[in-house]
2 protein chains.
Amino acid sequence: MSKRLGKQTVAFQNPPWVAAGACVVGKKEGEGPLAEWFDVISQDSYFGEKSWEKAESTMLRHCFALCCDKAKTAPSDLHGIFAGDLLNQCVSSNFAARDTGVPFFGLYGACSTMAEGLTLAAMALDGGFAETVCAMTSSHFCSAERQYRLPLEYGGQRTPTSQWTVTGAGALILKNGGGSGAHITHATAGRIVDAGITDMNNMGAAMAPAALDTLTAHFADTGRSPQSYDAVITGDLGQHGHNVLMELFRQEGLEFSRIFTDCGVLIYSPEQDTHCGGSGCGCSASVLAGYILHQITEGEWNRVLFAATGALMSPTTAMQGETIPAICHAVAIENMREV
Amino acid sequence: MSKRLGKQTVAFQNPPWVAAGACVVGKKEGEGPLAEWFDVISQDSYFGEKSWEKAESTMLRHCFALCCDKAKTAPSDLHGIFAGDLLNQCVSSNFAARDTGVPFFGLYGACSTMAEGLTLAAMALDGGFAETVCAMTSSHFCSAERQYRLPLEYGGQRTPTSQWTVTGAGALILKNGGGSGAHITHATAGRIVDAGITDMNNMGAAMAPAALDTLTAHFADTGRSPQSYDAVITGDLGQHGHNVLMELFRQEGLEFSRIFTDCGVLIYSPEQDTHCGGSGCGCSASVLAGYILHQITEGEWNRVLFAATGALMSPTTAMQGETIPAICHAVAIENMREV
């Protein structure tokens with residue numbers, strides 16, 4: 001029996017069970033509106049390390065250990081880790097997974113990494129290639145700022161459309177079979193979409209067309225509509241990108257209702273002065289592992305579409321005048337009784 | 001029926017068929033001993049572009065188009081591209097796939113990317129999630145040199161253990177069912193192994209222990225021995241790393257015979273003054289898509305173990321005093337009649 005629905009979507013025959021999610025975030029994220037759902041809020045942005053890169057990797061390592069603990073799973077029982085991040089050569093993930101002894105699949109999906117990882121992890125499980133796997137990712141404001149933008153010490157003014165890279169890590173452990181709660185039922189893999197944006201401080205506008213592309217493919221492939229979901233949550237368009245996506249939906253004659261929201265919009269309050277909200281792999285990952293999973297397991301939401309977005313440029317391509325390609329991967333997560 | 005053999009290995013129930021492989025390389029690679037098996041040898045290291053990064057991406061785009069052509073497959077029939085490269089944020093792959101309209105899974109496995117991509121691509125096919133997919137990767141001497149080491153104009157002396165980043169791209173299109181020829185029968189996913197090496201000019205020694213780890217896991221999981229294969233080909237340990245691996249096998253009391261070779265050793269002749277041979281994602285990818293696939297389809301070899309190795313550090317982690325984590329993913333490729 002084919003598991004394919006259309007060109008981009010797969011429906012899992014035995015939807016993988018989310019055995020646990022864990023998230024570790026920084027101080028600023030802990031002062032935001034989602035604070036109560038984060039597992040760990042660190043007051044030390046260095047996480048005990050001496051560089052921002054090591055800090056990010058240590059935060060992700062803590063998050064992985066916590067997730068294994070919450071899932072009552074020994075790392076040695078895992079058949080795979082699917083992980084990546086924003087740092088050059090994905091070193092946050094590589095070093096976080098270095099001592100685990102778990103088969104490792106390195107990913108680069110920029111801020112879409114959590115959804116990409118969940119897609120591949122769910123395929124590995126439903127395809128019969130694994131019994132227990134982990135998808136995880138991270139970002140850190142300080143390591144991202146100096147790699148993508150300017151030295152922290154420079155203190156340059158930020159443009160109105162800019163977003164704030166979330167200091168945070170998120171991990172989910174998925175299993176075949178298992179208990180009641182959140183299950184991954186569908187995945188819609190994204191295509192690269194380039195809307196011609198060149199401003200690296202306007203990622204929301206660069207990524208919104210990719211979100212439109214993947215969401216419309218998901219609805220067409222599954223025969224579902226936005227109303228089939230309790231929430232459709234893009235991951236990290238921010239307020240400006242969210243507005244652009246709303247406008248794009250309207251232009252397509254599609255309904256864009258209040259069930260649509262965005263991890264970048266949710267994670268900070270307007271008073272936190274982040275301009276357009278959060279960004280970074282850790283934004284959608286920590287919001288998923290914290291807020292979204294809790295809403296599902298506590299019965300607030302029965303069916304959620306998690307659509308993480310990523311901008312696939314580099315500082316080098318931006319300096320060479322290239323436009324910003326973007327991607328969006330979406331996974332449907334459903335509250336199911338034991339299967 | 002479980003497709004798992006042990007902790008790290010999967011056996012494909014319906015081994016995906018390699019419908020075609022394609023490779024595009026630079027001038028120096030075209031002067032080496034494998035020249036006759038490369039599809040395209042470019043005399044222009046800029047590939048008509050104005051920067052090394054764009055050159056690498058254009059080379060990969062050509063390689064992808066050629067592979068689709070050889071496989072008689074329209075890009076619009078592909079259900080997925082699995083790709084990554086060495087450039088920061090994997091921009092060679094992102095920009096090469098930008099206009100394809102194909103669902104895209106971005107990977108970061110450093111020089112192990114081709115084997116990682118083939119593993120995930122074969123899982124997607126055998127798991128019933130896709131019918132036709134592509135795995136591809138690239139590297140370029142000039143883009144790698146300036147990102148990882150020194151400006152090209154600097155002309156610094158290279159150390160004896162250093163390797164030469166291959167200017168090359170490789171792509172394979174895999175299909176379910178299909179014809180006679182090469183099929184992916186097994187995949188052994190690598191764990192991260194850190195042997196404590198800190199010298200970024202001695203990648204071979206950093207990666208050899210990862211190759212040992214994955215190869216011994218593969219033989220244990222499958223019950224096979226090196227003699228089960230006509231060739232066991234690591235990719236890109238280079239001559240020094242190959243020697244280290246030989247020594248490690250001896251220390252473990254395992255036989256290391258002449259069927260073991262390495263893509264980094266094969267791609268250049270000693271006269272080409274590359275010191276320890278080739279490296280880069282494009283090294284093992286172009287040797288696989290060129291030389292190895294031809295040896296299989298022409299009946300010289302019936303069963304090959306392709307074990308691509310990657311070093312997972314970044315220039316930043318190296319400068320921060322970190323050791324070099326490494327990984328090796330292995331796929332078994334077998335000449336099979338139509339299945």
Side-chain angles (χ1 to χ4, degrees), chain A residues 1-4 7-8 10 13 50-51 53-54 76 79-80 84 86-91 93-95 97-110 112-113 116 119-120 123-124 126-131 147 188-192 194 310 312-317 320 322 325 327, chain B residues 1-4 7-8 10 13 50-51 53-54 76 79-80 84 86-91 93-95 97-110 112-113 116 119-120 123-124 126-131 147 188-192 194 310 312-317 320 322 325 327:
Chain A
M1 193 180 104
S2 174
K3 298 166 184 172
R4 295 201 60 77
K7 175 106 185 277
Q8 291 174 249
V10 295
Q13 280 181 327
K50 287 183 177 170
S51 76
E53 291 75 19
K54 291 189 184 194
S76 59
H79 291 142
L86 290 170
L87 295 183
N88 295 344
Q89 289 74 56
C90 299
V91 287
S93 305
N94 296 343
F95 283 82
R98 175 168 60 170
D99 301 318
T100 61
V102 180
F104 182 78
F105 297 95
L107 310 179
Y108 186 77
S112 76
T113 300
E116 182 191 353
T119 299
L120 293 170
M123 283 187 188
D126 191 43
F129 305 108
E131 289 299 320
Q147 179 182 285
T188 301
R191 308 183 290 189
I192 300 178
D194 192 325
L312 300 176
M313 82 297 156
S314 77
T316 302
T317 63
Q320 291 180 2
E322 269 292 0
I327 198 162
Chain B
M1 193 180 103
S2 175
K3 299 166 185 172
R4 295 201 60 76
K7 174 103 185 278
Q8 292 174 249
V10 295
Q13 279 182 328
K50 287 183 177 169
S51 77
E53 291 76 18
K54 291 189 185 194
S76 59
H79 291 142
L86 289 170
L87 296 182
N88 296 343
Q89 289 73 57
C90 299
V91 288
S93 306
N94 295 344
F95 283 83
R98 176 167 59 171
D99 300 318
T100 59
V102 179
F104 181 79
F105 296 95
L107 310 179
Y108 186 77
S112 75
T113 300
E116 183 191 352
T119 299
L120 292 170
M123 282 187 188
D126 191 44
F129 305 108
E131 289 300 319
Q147 179 181 286
T188 301
R191 308 182 292 188
I192 300 177
D194 192 325
L312 300 177
M313 81 298 155
S314 77
T316 302
T317 63
Q320 292 180 1
E322 269 291 0
I327 198 163

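As the structure is a prediction and not an experimental result, all values here were calculated from the model. No hydrogens, no waters, no symmetry mates; every other heavy atom, side chains included, goes into these values. The chains referred to below are lettered A, B, ... by the order of the sequence lines, with proteins before strands, and numbering in each begins at 1.
- Both the backbone and the side chain of Leu312(A) have a heavy atom closer than 4.5 Å to some heavy atom of chain B.
- The candidate with the highest count of non-hydrogen atom pairs below 4.5 Å against chain A, out of Leu87(B), Thr100(B), Asp126(B), Thr113(B), is Asp126(B).
- Taking chain A as the reference chain and counting heavy-atom pairs below 4.5 Å, the highest number among Lys54(B), Gln8(B), Lys50(B) is found for Lys54(B).
- How far CZ of Phe105(B) is from CD of Glu116(B): 12.5 Å, rounded to the nearest 0.5 Å.
- Interface remark: Leu120(B) contributes side-chain atoms only to the contact with chain A (heavy atom separation under 4.5 Å).
- For chain B, no part of Ala110(A) is nearby; none of its heavy atoms comes within less than 4.5 Å.
- Taking the salt bridge (Lys or Arg N to Asp or Glu O under 4.0 Å) definition, one finds that Arg98(A) meets it with Asp194(B), Glu322(B), sequence neighbours left out.
- Between Glu131(B) and His79(B), the closest heavy-atom pair is N-ND1, 2.9 Å.
- Taking chain A as the reference chain and counting heavy-atom pairs below 4.5 Å, the highest number among Pro315(B), Gly101(B), Gly84(B), Gly109(B) is found for Gly101(B).
- Every residue was checked against the ring-ring contact (aromatic ring centres under 6.0 Å, His included) condition with Phe95(A), not counting sequence neighbours, and none meets it.
- Residue contact with chain A, scored on non-hydrogen atoms closer than 4.5 Å, involves the side chain of Thr119(B) exclusively.
- Atoms OH and OG, from Tyr108(B) and Ser93(A) in turn, are 11.5 Å apart once rounded to the nearest 0.5 Å.
- For Ile327(A), the part lying near chain B is the side chain, with the backbone staying farther off; criterion is any non-hydrogen pair under 4.5 Å.
- Note on Gly80(A), Gly127(A), Gly310(A): by heavy-atom pairs under 4.5 Å with chain B, the leading option is Gly127(A).
- Side chain to side chain, Gln320(B) and Ser51(A) meet the donor-acceptor criterion of an N or O pair below 3.5 Å.
- Note: Phe129(A) CZ to Lys3(B) NZ = 4.0 Å, rounded to the nearest 0.5 Å.
- Most heavy-atom pairs under 4.5 Å with chain B: of the set Leu86(A), Asn88(A), Thr316(A), Asp99(A), this distinction falls to Asn88(A).
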